[in-house]
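Heads up: numbering here begins at 1 and tracks the sequence. Both counts, for ligands and for their atoms, begin at 1 and track the order of listing.
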Amino acid sequence: MTLPGQLNPAPRILMGPGPSDVHPRVLTAMATPLLGHLDPQFLQIMNETQEMLRQTFQTANQLTFPVSGTGSAGMETCVVNLIEPGDKMLVCVNGVFGQRMTDVAQRAGAQVTTLEQPWGEVFDPQRIREALQQHRPKVLGIVHAETSTGAWQPMDELGKICREFDTLLLLDTVTSLAGVPVKLDAWGVDAVYSGTQKCLSCPPGLSPVSFSPRGVEVLTKRKTKVQSWYLDMNMVQRYWGEERFYHHTAPITMVYALREALRLVHEEGLEARFARHMRNHTALKAGLAALGITYATVEGHQLPQLNAVRIPAGVDDLAVRKRLLSEFGIEIGGGLGDFKGKAWRIGLMGHASRPSNVLLVLAALEQCLQAQGAKVTAGAGVAAANRIYAVG
Ligand SMILES: *Cc1c(COP(=O)(O)O)cnc(C)c1O
């Protein structure tokens, strides 16, 4: 065979649903020489990472660490550790990730009931309350930031409602963590998972998880073994906890990456970071409106880091995305499931949430829409975004 050339892909600006652009400091951290996974220096790095993760999740939960695997591994971790075969679980489904959680729960042997809401909408807490009253599940699963639709689920009341029925609250924060507030303790969340490749601006590969004392109690009182050896929190926490008991080799380089990403989060400050995401979203939204593009998510529940917008009538979805990629190196996401061919998903996640990206994607989209014969006022998108930035 002829040896493939040295790896040298054309540069991209990742503005889709993830993975998102990795911060240069994270890439640099990943070039750090390896330590052994039981080296005292690495144990210190693990502790620092866990402490910064707790601050990011706004929790005091002892059991807080990154699972080896992507966001879906975190989803599976939460489900298989809380569920024993035959247990009831209620899953809220308003997009792809609620559907995925349903599938994972069924495979884990749960008796699953779903509560459905149209794509692009969020759940009313009172509807959830009624469903809990009717079904009395052990676990309620819900997605905080539904990446397939851009919907941002309000969380203030759910923990209290779950406690009324002695139900555990399981939350997907893969796209929300470090982009919008995630307050595990204030919200009464019992099990949570996230991912490194969205608003944390790391490569994919780790899934931060956290279990409340209530969640841990369920874990320790199980009658059956956790179905997955690899994701059994009773075992993995003996490595991340004080014992440092070998379970599987930690992905050292990814832990370096996450540690640096979390340092960046706390250097900036959570509130400043959320405000930055909101400001860039507001500018993008104003610019898109000026180009005649509207949101596919209901007003008032639109995620700043994931902008799901309707593809204008008569515009070819694939042609636009191809042109964005080839002419500008910009990757945006297409629609999934119900939104396939109908929506674009423009991510402004973590390091990618910057005015330069907002202005570039608006200028590039204008050109793509013009090439498709759509009527757009020259420069209107960029001008509208700049009016938002000018306000400060
Ligand atoms: C991306 C995502 C996942 C899955 O994460 P992977 O890293 O792709 O395994 C789960 N839930 C939500 C809301 C996501 O956005």
Return the residue, atom name and 0.1 Å-rounded distance of the protein heavy atom closest to [atom].
atom	value
atom 14 (C) of ligand 1	Lys198 NZ, 3.1 Å
atom 3 (C) of ligand 1	Phe97 CE2, 3.3 Å
atom 8 (O) of ligand 1	Gln197 NE2, 3.9 Å

Worksheet item: Around Glu243, counting heavy atoms of other residues, nucleotides and ligands shown, do more than 12 lie under 6.0 Å from its CD?
Response: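 It does: Glu243 CD has more than 12 such atoms within range.
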For ligand 1, which atoms sit closer than 4.0 Å to a heavy atom of [X]?
X	value
Thr147	12 (C), 13 (C), 14 (C), 15 (O)
Thr70	6 (P), 7 (O), 9 (O)
Thr175	15 (O)
Ala145	13 (C)

Worksheet item: Applying the salt bridge (charged side-chain N to carboxylate O under 4.0 Å, His left out) test to Glu268, which of Arg25, Arg276, Arg263 qualifies?
Response: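 Output: one option passes, namely Arg276.
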Worksheet item: Quick one: does ligand 1 sit under 4.0 Å from the side chain of Ser207, the backbone, both or neither, non-hydrogen atoms only?
Response: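 For Ser207, no heavy atom sits under 4.0 Å from ligand 1.
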Worksheet entry | Test side chain to side chain donor-acceptor pair (under 3.5 Å) applied to Asp185 and Thr59, step by step | CA-CA 5 Å; Asp185 291 358; Thr59 185; 2.6 Å; yes
Cluster question for you: counting only ILVMFWY and a side-chain heavy-atom cut-off of under 4.5 Å, with indirect links fine, are [X] and [Y] together?
X	Y	result
Met254	Leu14	no
Leu27	Val255	yes
Leu140	Val174	yes

Fill in: Close approach of Arg100 to ligand 1, heavy atoms, under 4.0 angstrom
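Yes, Arg100 has heavy atoms under 4.0 Å from ligand 1.
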Practice prompt. Answer with yes or no whether Gly18 contacts ligand 1, where contact means a heavy atom under 4.0 Å from a ligand atom.
Written response: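 Contact absent.
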Worksheet entry | Quiz item: cation-pi between Lys183 and Phe274, 6.0 Å / 45° |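 Here Lys183 fails the 6.0 Å and 45° test against Phe274.
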Worksheet item: Within the side chain of Glu121, is there an N or O that forms a donor-acceptor pair under 3.5 Å with the backbone of Val298?
Response: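 Side chain of Glu121 to backbone of Val298: no pair is present.
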Discussion item. I'd like to check whether Ser72 has a polar contact with ligand 1, where a contact means an N/O of the residue lying under 3.5 Å from an N/O of the ligand.
Written reply: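 It does: an N or O of Ser72 is found under 3.5 Å from an N or O of ligand 1.
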Discussion item. With nothing but distance in play, are any N or O atoms of Glu146 less than 3.5 Å from an N or O of ligand 1?
Written reply: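 In fact, backbone or side chain, Glu146 has no N or O that close.
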Item to complete: Kindly determine whether Thr147 and Thr175 satisfy side chain to side chain donor-acceptor pair (under 3.5 Å), including the steps that lead there.
Response: CA-CA 7 Å; Thr147 320; Thr175 282; 2.7 Å; yes
Worksheet item: For atom 5 (O) of ligand 1, which of Pro204, Ala73, Gly71 has the closest heavy atom?
Response: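 Selected option, by shortest heavy-atom distance: Gly71.
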Discussion item. Looking at non-hydrogen atoms alone, which of Asp172, Thr196, Thr173 comes nearest to atom 13 (C) of ligand 1?
Written reply: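 Among Asp172, Thr196, Thr173, the closest heavy atom to atom 13 (C) of ligand 1 belongs to Asp172.
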